[in-house]
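First up is the structure itself, then whatever we jot down about it.
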2 protein chains.
Amino acid sequence: MSNYYDTEQALSDAFKALSNPHRLALFNRLMSCCMPGTKCDATVAVRFCVGDLGEGLNIAPSTLSHHLKELNRAGLVEMERKGKNVECWVEPEKLKALSSFFQPD
Amino acid sequence: MSNYYDTEQALSDAFKALSNPHRLALFNRLMSCCMPGTKCDATVAVRFCVGDLGEGLNIAPSTLSHHLKELNRAGLVEMERKGKNVECWVEPEKLKALSSFFQPD
DNA sequence: ATAATAGTTCGACATGTTTCGAATTATAGT
DNA sequence: ACTATAATTCGAAACATGTCGAACTATTAT
């Protein structure tokens with residue numbers, strides 16, 4: 001029922017994860033699957049593997065891994081091994097939950 | 001035009017400000033002026049003075065002052081001296097801007 | 001089996017953050 | 001002028017974070 005981030009601790013953990021410019025860029029890349037200005041209706045989230053997500057960020061693989069782990073621990077990003085790669089995605093309900101913290105539906 | 005937080009830097013600064021449990025509590029107190037579950041229509045934001053905002057948080061005045069300053073520097077909270085007190089409030093447009101980062105209107 | 005590719009874990013170091021108390025400024029009342 | 005209340009600034013201590021390279025694990029292909 002989109003009640004993630006219902007405690008203050010869970011919320012501040014989510015914001016902490018987004019407080020780093022590199023992590024925000026990673027999250028943003030996973031989040032923005034639609035054309036700018038349009039409302040995203042995707043029911044299936046876009047997936048990127050770890051390596052592709054870090055493209056252009058100029059950080060070491062170990063640092064990239066660390067950041068994704070933080071986003072995952074904060075409940076913002078899902079991760080799943082797929083062969084040699086690990087795929088990452090954002091559940092649309094999480095976006096809804098965070099959005100409605102600032103403006104209840 | 002609700003285009004605050006348009007750069008990644010401004011956004012991550014805002015999230016950093018909300019990443020601390022004490023600051024999130026302060027922001028939340030300023031933010032929630034309406035009954036739970038209802039949509040907030042207030043055109044004039046609620047105001048609290050610094051001291052009242054810190055009530056029940058068990059932090060030193062200097063720490064409280066520091067946190068409010070951070071929220072202000074991140075563009076989340078407005079502050080204005082009013083006699084002996086300093087009043088704090090949240091501009092409703094800021095909430096809208098943050099909300100629409102996660103879910104564009 | 002060996003090698004190649006994709007990610008993760010670990011330890012270390014530099015940098016930032018949280019917090020406090022003491023000293024300081026701002027304002028209002030006596 | 002003096003005092004009381006409200007809030008800020010400063011410096012210091014403890015703790016957390018961001019980053020890297022080296023070593024490691026997982027998976028696939030030869």
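Here the structure is a predicted model, which is why all the values come from computation and not from measurement. Order of the sequence lines fixes the chain letters, A, B, ..., with proteins taken first and strands second; residue numbering starts at 1 for each chain.
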Subject >> Stretch residues 59-73 of chain B: residues that reach within less than 4.0 Å of DNA chain C through a heavy atom >> reply: B:Ile59, B:Ala60, B:Ser62, B:Thr63, B:His66, B:His67
Original post:
So, do A:Leu18 and A:Leu71 sit near enough that their side-chain heavy atoms are less than 4.5 Å apart?
Top reply: yes
Subject >> Rounded distance (Å) that lies between atom C1' of D:dT27 and atom CD of A:Glu80 >> reply: 15 Å
**OP:** Measure the shortest side-chain to side-chain distance between B:Leu53 and B:Leu30 over non-hydrogen atoms and say whether it is less than 4.5 angstrom.
**Re:** yes
**OP:** Look at the side-chain N and O atoms of A:Asn20 and state whether any lies under 4.0 Å from the OP1 or OP2 oxygen of D:dT17.
**Re:** no
Original post:
Less than 4.5 Å apart, any side-chain heavy atom of A:Phe48 and any of A:Val77?
Top reply: no
Original post:
With a 4.0 Å cut-off on heavy atoms, is A:Lys16 in touch with a base, just the backbone sugar-phosphate, or nothing at all?
Top reply: sugar-phosphate
Subject >> Carboxylate-amine/guanidinium contact A:Arg47 A:Glu80, below 4.0 Å >> reply: yes
Subject >> Rounded distance (Å) that lies between atom C1' of D:dT9 and atom CE of B:Met79 >> reply: 14 Å
Original post:
Side chains of B:Gln103 and A:Lys96: closer than 4.5 Å at any heavy-atom pair?
Top reply: yes
Subject >> Intermediate values then yes/no, salt bridge (charged side-chain N to carboxylate O under 4.0 Å, His left out), B:Lys94 and B:Glu78 >> reply: CA-CA 11 Å; B:Lys94 305 288 177 98; B:Glu78 318 300 314; 3.3 Å; yes
**OP:** Take A:His22 and A:Gly83, find for each the nucleotide of DNA chain D with the closest heavy atom, and name the residue whose nucleotide sits nearer the 5' end.
**Re:** A:His22
**OP:** Answer whether the closest heavy-atom distance between the side chains of B:Glu8 and B:Leu11 falls below 4.5 Å.
**Re:** no
**OP:** Looking only at non-hydrogen atoms, find the nearest pair between A:Leu64 and A:Val50 and report the distance.
**Re:** CD2-O, 3.4 Å
Subject >> Donor + acceptor pair across side chains of A:Ser99, B:Ser99 (<3.5 Å) >> reply: yes
Under 3.5 Å, N/O pairs linking protein and nucleotides 2-6 of chain D:
unit_1: D:dA6; atom_1: O3'; unit_2: B:Asn85; atom_2: OD1; d: 3.0

Subject >> Ring centres under 6.0 angstrom apart (B:Phe15, B:Phe102) >> reply: yes
**OP:** May I ask you to check whether B:Trp89 and B:Glu91 show a side-chain donor-acceptor distance below 3.5 Å?
**Re:** yes
Subject >> Interface limits on DNA chain C, where chain A has a heavy atom under 4.0 Å of a nucleotide atom >> reply: C:dT5 to C:dT9
